[in-house]
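Below you'll find the structure, written out as structure tokens, and then a few comments.
Since we're looking at a predicted model, the values are computed, not measured. Below, all heavy atoms of this structure are taken into account, side chains as well, without hydrogens, waters or symmetry copies. Chain identifiers are assigned alphabetically (A, B, ...) following the order of the sequence lines, protein sequences preceding nucleic acid strands; residue numbering begins at 1 within each chain.
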Protein chains: 2
Amino acid sequence: MARRARMLDVIRQQGFVSIPELRDSLEVSESTIRRDLESLEDSGEARRTHGGVFYTGSVTTVRQFQRGNPNDGAWDKKRAIAFEAAKLVSDHDTVLLDGGSTTYELAKQLVGRPLQIVTNSLPVANLFSASDSVDLVILGGAIHNRTGVTHGPFTDQMLETINVQKAFLSVAGVNEKGFYNSNLLLVETERCMMRSADRTIIVADSTKFGRSSLARMLEWNQVDTLVVDEDLSTLWRDRIDELDTNLILAPLNNSQDTHSNSIS
Amino acid sequence: MARRARMLDVIRQQGFVSIPELRDSLEVSESTIRRDLESLEDSGEARRTHGGVFYTGSVTTVRQFQRGNPNDGAWDKKRAIAFEAAKLVSDHDTVLLDGGSTTYELAKQLVGRPLQIVTNSLPVANLFSASDSVDLVILGGAIHNRTGVTHGPFTDQMLETINVQKAFLSVAGVNEKGFYNSNLLLVETERCMMRSADRTIIVADSTKFGRSSLARMLEWNQVDTLVVDEDLSTLWRDRIDELDTNLILAPLNNSQDTHSNSIS
DNA sequence: CTTATTTTGATCGTTTTTGATCGTAATTCG
DNA sequence: CGAATTACGATCAAAAACGATCAAAATAAG
């Protein structure tokens, strides 16, 4: 029957539909809808509940991606920065990843590559825990609730016996004096990270510039490389030019692959 | 139901949500929220606390535990054991949780309680990472890919400076000589756990008995308490009676009433 | 063209869900 | 430690949704 087919299309597309919605959409009475759903449920293609219907066929995956993260404006910048930062990593490198949304984006881009990853971030660790191409080392310590990263003396102590080739750190603010984060213990841990690394690379989007925060983490001369999106003002570009720090500008509208959020 | 699904999305994304937040977000009364949460808790996808909800469902990376048949008898056993084991934990205790599916179930039951948790298990850490009633400490070290737990010298070293009141360890096998697990490094780490704990509690379902594995972890006299489901044979019950080890039998058909209408 | 059968839409009593209220329990604050 | 505040669960009435029933409309058969 044609009506049943259209009904299934609607259900499949929306995942869940209420009976009034179906009535309006198909222009038949609710009684008819109910009868149709009854047989649709018998054939296993939909599952009724109080208030509507669920689709229970295959291919529900599309909908899950749609409901993922709302796309922020700042998020594009972070992705662009992560894209450039990932180019700095060579296969079989030993890489330290700090917590933070930008480093998390970087981590997503590194999944699947043969690397040794050291991190204090729980979300980052989760990304790699399923992968068998990476050797994953977690820095122990107390979890900072809001951010899901370990920090504190345990973490610092563990960092003392670790050496990595490249450390990617995130920041809450940058000003002419240096780089800032909001938590004192975390900042101390990040200093230890810097000491454990041959190269320290800061990833920061342009909105962070000119803003400071509670605790200064590093000074300019301690940073090897800085990756920022291209919205960085010329004022800051000029300032950085005069320093030893290497500046990498990430182009914003590069043809990023569309399926950015693979939940796997 | 559509509302339940949206609710779970919010909970999953934020880790912890208060009831007023959910009311504003979903635009229904708090009574409805409470009722929904009740059923959500019955189906094990969330854990209620005073003031809100924690997400305890699969965090997309817990696949190793989801593998088993959901109606597997072994799963009920693990849940029953976890239920009894949770009774051994007092508020404000310092508790060490090993990796493993049974300890993971235990962890789910402990979410929201005021505790200090130390763990080497990534899935367990994820459960608590959003909680602010818990002080969470992660044992650093290399991740054992298949199981998502840290182990090795880093972990052992960190354990040396830690003391907990109760350690809950899981095992792969139990025979008359002692307790076994399958990985040598992991077993060494678990020995360190035992040394760090005032009380060592083993959680093991009855199917583990009579089976050994590669590496012996502990001997009988090192274990204070053993929690097993009631399917344990009388042979083993008698044996344990003659030892110093405290045996707790978990009843299988306890209050877990069938939540028939949970549509995912 | 008439009759039988099926499908549809409306009505109605019943069940389920919802939102508000209130007494109790837990948590916070002084 | 006690008071105030907040959160919780139980209860109940209103609202929504459901299934059953029946008559009208559409379709098929004779």
Output the rounded distance in Å from [atom1] ([X]) to [atom2] ([N]).
{"X": "B:E30", "N": "C:dG19", "atom1": "CD", "atom2": "C1'", "value": "11 Å"}
{"X": "A:I19", "N": "D:dG19", "atom1": "CD1", "atom2": "C1'", "value": "11 Å"}
{"X": "A:R3", "N": "C:dG9", "atom1": "CZ", "atom2": "P", "value": "7 Å"}
{"X": "A:D42", "N": "D:dG19", "atom1": "CG", "atom2": "C1'", "value": "15 Å"}
{"X": "A:I33", "N": "C:dT8", "atom1": "CD1", "atom2": "C1'", "value": "12 Å"}
{"X": "B:R48", "N": "D:dA7", "atom1": "CZ", "atom2": "C1'", "value": "10 Å"}

Each nucleotide N or O in nucleotides 20-26 of chain C that has a protein N or O under 3.5 Å away: list the pair and distance.
| unit_1 | atom_1 | unit_2 | atom_2 | d |
| --- | --- | --- | --- | --- |
| C:dA20 | N7 | B:S31 | OG | 3.2 |
| C:dA20 | N6 | B:S31 | OG | 3.4 |

Exercise for the section: Indicate yes or no for a side-chain donor-acceptor contact from A:T155 to the backbone of A:G140 under 3.5 Å, with no hydrogens or angles considered. Expected result: yes
For residues 157-164 of chain B, tabulate all N or O donor-acceptor pairs below 3.5 Å that involve a side-chain atom, not counting sequence neighbours.
| unit_1 | atom_1 | unit_2 | atom_2 | d |
| --- | --- | --- | --- | --- |
| B:T161 | OG1 | B:M158 | O | 3.1 |
| B:N163 | ND2 | B:S196 | O | 3.2 |

Exercise for the section: List for me each residue that meets side chain to side chain donor-acceptor pair (under 3.5 Å) alongside A:S182, sequence neighbours excluded, and say none if there are none. Expected result: none
Problem - Where at least one partner belongs to residues 14-27 of chain B, residue pairs that pass salt bridge (Lys or Arg N to Asp or Glu O under 4.0 Å), sequence neighbours excluded - result: B:R23-B:E30
Practice task
Name every residue in residues 20-27 of chain B that has at least one heavy atom under 4.0 Å from any atom of DNA chain C, in order of residue number, or write none if there are no such residues.
Solution key: none
Practice task
Kindly give the heavy-atom pair with the smallest separation between B:D229 and B:S206, and that separation in Å.
Solution key: OD1-N, 2.6 Å
Fill in the blank from the handout: Nearest heavy-atom contact between B:D205 and B:V228 is C-CG1, 4.1 Å
Practice task
Check whether any side-chain nitrogen or oxygen of A:T32 sits under 4.0 Å from OP1 or OP2 of C:dT8, and answer yes or no.
Solution key: no
Handout entry: Nucleotide of C:dG19, C:dG9, D:dG9 approaching B:R34 most closely (side-chain heavy atoms)
Key = D:dG9
Handout entry: Mutual orientation of the aromatic rings belonging to B:H144 and B:H151 [parallel < 30°, tilted 30-60°, perpendicular > 60°]
Key = perpendicular
Practice task
Please list all pairs passing the ring-ring contact (aromatic ring centres under 6.0 Å, His included) test where one or both residues lie in residues 26-47 of chain A, with sequence neighbours left out.
Solution key: none
Exercise for the section: Look at all strands and tell whether B:S18 reaches a base, only sugar-phosphate, or nothing, counting heavy atoms closer than 4.0 Å. Expected result: nothing
Handout entry: Check: B:T189 and B:T150 side chains under 4.5 Å, non-hydrogen atoms
Key = no
